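One-based numbering, in listed order, for ligands and for the atoms of each. The structure presented is a predicted model; accordingly, all values stated were derived computationally and were not measured.
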Amino acid sequence: MTQNQLRLGVNIDHVATVRNARGGAYPDPIRAAKLAEEAGADGITAHLREDRRHITDADIDGLMEALTVPLNFEMAATEEMQKIALRHKPHAVCIVPEKREERTTEGGLEVAREENRLAHYIAPLRDAGCRVSIFIAADKKQIEAAHRIGAEVIELHTGAYCDFHAEGSFAERDRELEALREMSAYAHSLGLEVHAGHGLTYDTVQPVAAFPEVKELNIGHFLIGEAVFRGLTPAVQEMRRLMDEARG
Ligand code: PXP
């Protein structure tokens with residue numbers, strides 16, 4: 001991988017969503033992760049939610065065993081999740097806000113409001129060798145707080161940008177994109193590694209992929225949906241191609 005190349009983390013949560021709709025063993029998220037890896041994913045992302053609605057504890061065990069690329073373990077900042085992360089010591093841990101009633105991670109973490117608690121929370125994870133990332137909105141206050149608590153990475157929430165695009169609200173979309181651009185540069189200037197994700201599709205990925213400060217995109221729901229029509233390998237390969245094209 002060249003210095004300029006953008007990493008693609010493929011989120012396999014929704015393979016588990018389909019499996020869990022019936023119970024049983026298929027489709028298998030570990031098989032999906034291995035296929036994504038072969039298709040060009042640089043990492044696999046999985047969110048162990050508190051209600052285990054998609055990924056399960058056994059999936060995390062299986063991913064840790066099967067993967068040769070890094071696992072990015074998304075989790076809420078709870079004691080239970082910290083214990084699981086410390087047992088597995090994945091390459092990366094991404095701290096996300098989590099509400100039981102939400103369908104997906106709706107917004108970024110309020111780091112500024114919980115600075116003290118989060119600083120203590122992530123310290124043992126860092127000591128265990130995990131790269132700690134904080135999932136936040138493109139907001140200066142949150143970026144500065146993430147920096148102060150000792151996070152090495154921030155992941156910027158691209159959900160609002162993608163939603164505005166899908167609704168055809170292009171002025172709002174462009175305003176969100178501009179905020180993402182400015183805040184990527186700002187976070188980078190503080191020494192933070194910048195990732196981005198949530199809601200990205202073939203239509204929305206390229207403007208974000210073109211930001212030179214962004215080092216990784218984490219993409220799931222769209223890719224798993226696209227895999228129904230064209231298969232997971234071509235779906236991931238096309239995302240990879242678009243990212244590389246945008247990066248020039
Ligand atoms: N990044 C983070 C931190 C997330 O919480 C999610 C959703 O689990 C994603 C990326 C991937 O979002 P999507 O599935 O919408 O592509």
When only distance counts, is [X] in polar contact with ligand 1, meaning an N/O pair under 3.5 Å?
{"X": "H221", "answer": "yes"}
{"X": "G199", "answer": "yes"}
{"X": "E74", "answer": "yes"}
{"X": "E155", "answer": "yes"}

Does ligand 1 have an atom under 4.0 Å from some heavy atom of F135?
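Under 4.0 Å: yes for F135.
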
Do any N or O atoms from the side chain of R247 and from the backbone of A209 form a donor-acceptor pair under 3.5 angstrom?
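Yes; at least one donor-acceptor contact below 3.5 Å.
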
Quick check against the 3.5 Å criterion: does Q142 have a side-chain atom that pairs as donor or acceptor with the backbone of V111?
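Side chain of Q142 to backbone of V111: a pair is present.
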
Heavy atom of the protein closest to [atom] (residue, atom name, distance):
{"atom": "atom 11 (C) of ligand 1", "answer": "N218 O, 3.7 Å"}
{"atom": "atom 7 (C) of ligand 1", "answer": "H198 CD2, 3.7 Å"}
{"atom": "atom 16 (O) of ligand 1", "answer": "G220 N, 2.8 Å"}

Hey, does [Y] have a side-chain heavy atom less than 4.5 Å from the side chain of [X]?
{"X": "H47", "Y": "E98", "result": "yes"}
{"X": "E74", "Y": "N11", "result": "yes"}
{"X": "R19", "Y": "P29", "result": "yes"}

Which atoms of ligand 1 sit under 4.0 Å from any heavy atom of V96?
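Going through ligand 1 atom by atom, the ones under 4.0 Å from V96 are 3 (C).
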
Please list, in number order, the atoms of ligand 1 under 4.0 Å from a heavy atom of I219.
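Answer, ordered by atom number: 16 (O).
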
Taking E155 first and then R7, would you say they form a salt bridge - that is, a charged N and a carboxylate O separated by under 4.0 Å?
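No salt bridge links E155 with R7.
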
If the threshold is 4.0 Å, N to carboxylate O, is there a salt bridge linking E176 and R173?
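Judged by the 4.0 Å cut-off on N to carboxylate O distance, E176 and R173 do not form a salt bridge.
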
